[in-house]
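Single-structure report; data block below.
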Amino acid sequence: MHDQVASLYPHHLSTLRERADQALALGGFDHLLIAAGTPLRKFLDDQDYPFVVSPHFKHWLPLTDAPGSWIAYTPGRKPKLIFLQPHDYWHVVPEAPHGYWVEHFDIVLVRDAADTLAALPAGRRAVIAAACPAIDGVEANNPPAVLDYLHWHRSYKTRYELMLMREASRIGTRAHRAAEAAFRAGESEFGIHLAYLAAARQTDAELPYASIVGLNEHGAVLHYTNFARLPPARSRSFLIDAGASAAGYASDITRTYAAPQAAEFQALIDSVDAAQQGFVAKVRAGQSYPELHIHAHHVLADVLREHGFIRMSAESAVESGVSSAFFPHGLGHPIGLQVHDVAGFQQSERGGSISRPAGHPYLRMTRVLEPGMVVTIEPGLYFIDMLLEELRTRPVAADIDWARVDSFRQYGGIRIEDDVVCTSDAPENLTRDAFAQHD
Ligand code: GLY
Ligand code: MN
Ligand code: MN
């Protein structure tokens, strides 16, 4: 894996250089400056929040722990890494850069902000940074023309990026296996979470997002992150949405499990799983993602009907909003350097926005799929008290089997989420391929 990543890196870097050349020309700039960023300080405290590197920075090189460092790129020149290694005996100072990528950069080691400032090229600078000033003496300008161009093209992953995303999926699925075993052993949510972290060999702060680990009814809370410290009297069901990182690239994986005695819930999981695999098969070049989302509503409405929850056609369930009460989020989103990657709504490399279909406010991806894009496919069916109470007051409630619905509240809900690469041919399912490697 490491050798392959190394051999793919030069092409990745030349792709980024070409994109940067175009973006700078569009915006009328001479240099692209990218700040790694610095950790945020807690209010009235001397402690920092965990450092999260800028996605633009880790796009160029596999460094996620380099606070205060910069990349400076000038078209036609070797990119420069201005690497901050402060004199500090309180913290672990980032190691001097090493590895397969260093030969592709001019590396300047700096000890403080004054050195950094002196090492940054002068001229018309596109400065990409979260804070302003990015460093005393340099204002971040985040030029929209530059960002729009870079974000648009970030949707198309290089082979180097796909290699790292496969690795992120392998780490995530290994940890998911450990989490399932902990569930089967009757662990608490907290215990399952610890088993996940141990198997991933990543800290909470290194994961691409906060893990969702929900037993029983907690599966109905879409972003449940409480980690109950004690196990429930009986674990009937388990929903885990947790990913992993590889050199700054994310995986985003959800699985739902039933206890052996919860056969009716397992049957529903099996139906959602089959539906999900059908949606994954449609991740093909030319497929409109919002149309796939609407299609998912129809298929899931059929699942609800087949399992006796609703007595109406899929069409009327979708039209009346019934399907949205059970599937109240989007089918998925772009993924890459960020779990919810940029440009999901973007109209072109010049910016613009493609709006969501009416009635689907949580969809995070409105583009047509093209080769090189990576998206999640994460349909779900949930029994959410708030949404069911609302549904109960509507005329369409007469066509719902409430006794059956109520009997499933104890399981919370189901979500099944894979990360899928659109190619010029059949899709590549990063998640299922990775799970298959652990069998
Ligand atoms: N884990 C966040 C998501 O699935 O989008
Ligand atoms: Mn997701
Ligand atoms: Mn997820």
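Source: prediction; values computed, not measured. Remember, it's 1-based here, ligands and their atoms both numbered in the order they're listed.
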Have a look at Asp252 and say which of its N, O or S atoms is nearest the Mn ion (ligand 3). OD1

Does ligand 1 have an atom under 4.0 Å from some heavy atom of Val339? no

Can you classify the ring geometry of [X] versus [Y] as parallel (below 30°), tilted (30 to 60°) or perpendicular (above 60°)?
{"X": "Phe383", "Y": "Phe408", "value": "tilted"}
{"X": "Tyr411", "Y": "Phe265", "value": "parallel"}
{"X": "Phe105", "Y": "Trp60", "value": "perpendicular"}
{"X": "His360", "Y": "His297", "value": "perpendicular"}

Under 4.0 Å from a heavy atom of [X]: which atoms of ligand 1 are those, numbered in the order shown and with their elements?
{"X": "Glu417", "answer": "4 (O)"}
{"X": "Asp241", "answer": "1 (N), 2 (C), 3 (C), 4 (O)"}
{"X": "His340", "answer": "2 (C), 3 (C), 5 (O)"}

In this structure, which one of Arg255, Arg415, Arg432 forms a salt bridge (charged side-chain N to carboxylate O under 4.0 Å, His left out) with Asp273? Arg432

Counting backbone and side chain alike, does His340 bring an N/O/S atom below 2.8 Å of the Mn ion (ligand 2)? no

N/O/S atom of Asp241 inside 2.8 Å of the Mn ion (ligand 2), strictly under: no

Atom name of the N, O or S atom of Glu378 nearest to the Mn ion (ligand 2) is OE2

Output the atom name for the N/O/S atom of Glu417 with the smallest distance to the Mn ion (ligand 2). OE2

May I ask you to check if Arg367 and Tyr289 form a cation-pi contact, with NZ or CZ under 6.0 angstrom from the six-membered ring centre and within 45° of the axis? no

Does His223 reach ligand 1 with a nitrogen or oxygen that is under 3.5 Å from one of the ligand's nitrogen or oxygen atoms? no

Give me the residue, atom name and distance of the protein heavy atom closest to atom 3 (C) of ligand 1. Asp252 OD2, 3.3 Å

Do we see a donor-acceptor contact under 3.5 Å between the side chains of Asp241 and His223? no

Salt-bridge test for Lys42 and Asp48: reply yes if a basic N is under 4.0 Å from a carboxylate O, no otherwise. no

